[in-house]
Amino acid sequence: MKFAQIILPLNLQGTFTYSVPEAITDLLLPGMRVLVPFGGKKIYTGIVFRTHDEAQDAFVPKEIISMLDDSPILPQEQLEFWAWLSDYYLCNMGEIYRLAFPGSLKLESETYLKLKPNVVVDFENLDVHEMYLIQALEIRQLINLSEIEAFIPKKEIIKTINSLIDLQYIEVDEKITEKYKAKEVAYVRIKDPEAVRAQLPEILLQLKRSPKQQELFMMILQMHTENPETQIRKSHLLDDGNFAHSQLKSLVEKDLVEEYFLQVDRLESYEGETEQLEELTEEQKRARNEIVAAFEEGKNVLLHGVTSSGKTHLYLENIEETVAAGLNVLLLLPEIALTKQTAVRLEKKYGQALGFYHQKLSDFERVEVWRRIRNNEIKVLVGTRNALFLPFRNLGLIVVDEEHDTAYRPREVAPYFNARDSSLILAEFYGGRVILGSATPSVESYWLAQNDRLKLVTLSERFGKVSLPQFELIDFKEAQQRKKVSGNFSQHVLDEITENLQQKNQVMILHNRRGYANVVECETCGHVSYCSNCDVIMTYHKFSNELKCHYCGNKSSKPSNCPKCNAENLNTRGVGVEQIHEEVSRLFPDAEVDRMDVDSMRRKFAYEKLYEKIESGETDIIVGTQMISKGLDFDHIELVTIPRADHMLYVQDFRAEERAYQLITQVSGRAGRVSGEGKVLIQTYNPQHFIFQLIRENDPREIYTYLLEERKKFNYPPYTKTILIELKHRNEAKADRASQFLGSVLRKYLPPECILGPEKSPVGKINLLYQYQILIKLPRGKFYKIYKNYIKESIEEFEEITAYRSVKRYIYVDF
DNA sequence: AGCACGCCGACT
DNA sequence: GTCGGCGTGCTC
């Protein structure tokens, strides 16, 4: 007898042992999907992690119902990667499985059964449930498991199915692929061009009373006349909002126009000509040679290139070389909105061999990418962090663009992992190489480069030898004393904005705080509104006239009177981006001022619309949160100002200075991309602050030296490895007690200086859950693994206490 | 994670 | 008298 360790899509520790039916013992391989019963009535699609012959005595393993793949859907490298992730990030493989697979590749009780063709059923020897199921299948060809529940008791379902599969009467329907239809796109054409031409006056007369239809008809006719070969996409015709669907429908009904459909690839791959890259500059050539040399040494690369230095160009060169060597490439981007520019260039190069994978794809589209990757049809895949889990073959290169971006390690989705760090491991399993690229590398990556674990390659010139923007610090306190201030802006900044507007330049204003004001306060009694679910003050959003909680999304309308003492004089404190936007609009009444933040971009296509408005030059001033620091590469932005730069430093986070540096540098990179005369004005109460001074001097080496010294001084990463454990419960005392207990267990095993807390989290309550945290700082090197095993043991000990089982537990490794 | 079982309160 | 709340235990 043979056994298999199966990964199930459940948040449970470890794998589960199943026995392998004799018929497939020689066929079953790690990485294949199998159907297994679990618990009383559930059926799951599991993944074979490994097969073995170690007999089991603690329990009787159940048997695998069926094998779903002829060959492993998941390559060995991915299985090793999952195991590594689960071990390193202290999460379960089931969580990874859930995240990694598109829904329809891990069907559960939705799995369909069918009769085997040409079977003769011997009803005499069937029990009543088996008979029901066969009869049901004779009527309907496919039945899924939850439908079977209607006529067979839950506990009997698995037994019934198993016995019928054993008797070779039925089988699991595996043709998942047949369930998706090819996507079709609607096109429009003149139904009978000859006839139309002959009878045009009559037709126009017929359409006299519907001018819109006439206009639309003429437009289609004109398009046809100009180029009879072009296909006219229906959506393009209606997109600009000039015509309504009903008008087109009328034309179709009048038999003048007809609609037809063409199948397109769901992923809308590029179908045009592919083109060659432009030549590299001298500096880029040097960098390229350094990358080649590093790869030959077996080293991965940290590509530190100032904004607009042509990092993408270098990526493309390396991608091309990798593909030419017969290997495949993964290009990771922090968010899908950034794919636009990169994608255009890659499409021209790789056409159909390019794939995309990100959160916005539908399940079918995801499966399609899976299929194409498995068939080795995709040479270059552009995607967000989940693309790490695709079943790559021959992965030769991973490029992680904007590697400093925090989108690579979101705290909100389980399992927690850092896609940038993980990509280094994944590449190792595949024997591939990695390029981490950024204009502002993370302190951690920079440190790795300093310690020879990554090869640092630098691009310090902007493309076309354009100068970097000039930084200027404005002492806001001094400006206030000299009364040269209007609201949040010093006169100097206002003058600069005015001048730029006169020269028809665009201006960007960064203010990284959502809403209008942080606090609405009653002047009489001092009352402020707290979120009812969280331990947080509600932020005032004037645009929607609401108080919003930025942690749980809770909203309430803004009160006009104090809810406590009913006084009318409510005051606001703290400046948000809405207020800056309002102020700038007032100060520059003739300018077109637009706001870009998550709140204003929530509506569909809001981002695309504003993007085009800025691109066309219609917008004069863009006021926004950190959102404006990404992806807005326009030629006419000459001035960037940060009116309240100090905000960024007053965050309780050991990365606050690093983030401020990255944000300021990224946003300043938008200025003077073509002219080379960009300017960045930073208003601050602390112009002496080291980080501002360093940013102004713009010497990266100095900045990283400073940031690293600070990290070293306070024992933060990269000098230590951190693990944050959060415990949450709706009963505060219970959360407190649980964290005290876990803390005491940890202290049993770990040196006391490694453990900070337990203590109440900075935000003590979110979504009605009270949260307590323990921060663990571990030394790097060989003790790390030992200590981490102690942590695992401590958590197991903690889990044995049944009273704390309802306490939610979150672990963030390298948070 | 999901589900069953079992124990307590608030309702037709 | 029952319905359903969630604490507890179990799943190969």
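A:F59 comes within contact range of at least one nucleobase, with a heavy-atom separation under 4.0 Å.
Distance CG (A:L8) to P (C:dT11): 13 Å, rounded to an integer number of Å. A straight line from CZ of A:F16 to P of B:dA1 spans 13 Å, rounded to a whole angstrom. Residue A:E95 contributes atom CD, which lies 9 Å from atom C1' of B:dA1 at whole-angstrom precision. Atom CD1 of A:I43 and atom P of B:dG2 are 16 Å apart (whole Å). Between the CZ atom of A:R98 and the P atom of B:dA1 there is a distance of 8 Å, rounded to whole Å. If you take CD of A:Q56 and C1' of C:dC12, they are 8 Å apart, rounded to a whole angstrom. In this entry the distance linking CG of A:N92 with P of B:dG2 reads 13 Å, nearest Å. Rounded to whole Å, the distance from CD on A:E799 to C1' on C:dG7 is 17 Å.
A cation-pi arrangement is present between A:R385 and A:F417, with the terminal nitrogen or guanidinium carbon under 6.0 Å from the aromatic centre and inside a 45° cone about the axis.
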Report the C-alpha distance between A:Y772 and A:E732 in whole Å, list the side-chain angles of each, state the deciding distance to 0.1 Å, and finish with yes or no for side chain to side chain donor-acceptor pair (under 3.5 Å).
CA-CA 9 Å; A:Y772 282 73; A:E732 176 161 24; 2.9 Å; yes

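A salt bridge links A:E444 to A:R655: at least one charged side-chain nitrogen sits closer than 4.0 Å to a carboxylate oxygen. Between A:K548 and A:D599, at least one side-chain nitrogen of the basic residue sits less than 4.0 Å from a carboxylate oxygen of the acidic one, meeting the salt-bridge criterion. Under 4.0 Å is where a charged nitrogen must lie from a carboxylate oxygen, and between A:E54 and A:K2 no such pair does.
Picking from C:dC6, C:dT11, B:dA1 the nucleotide with the shortest atom distance to the side chain of A:R730 gives C:dC6.
Of the residues in residues 800-807 of chain A, those lying under 4.0 Å from DNA chain C by heavy-atom distance are A:T802, A:R805.
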Please tabulate, for side-chain N and O atoms in residues 803-810 of chain A, each donor-acceptor pair with protein atoms closer than 3.5 Å (sequence neighbours left out).
from, atom 1, to, atom 2, distance (Å)
A:S806, OG, A:H729, NE2, 3.1
A:R809, NH1, A:E799, OE2, 2.2

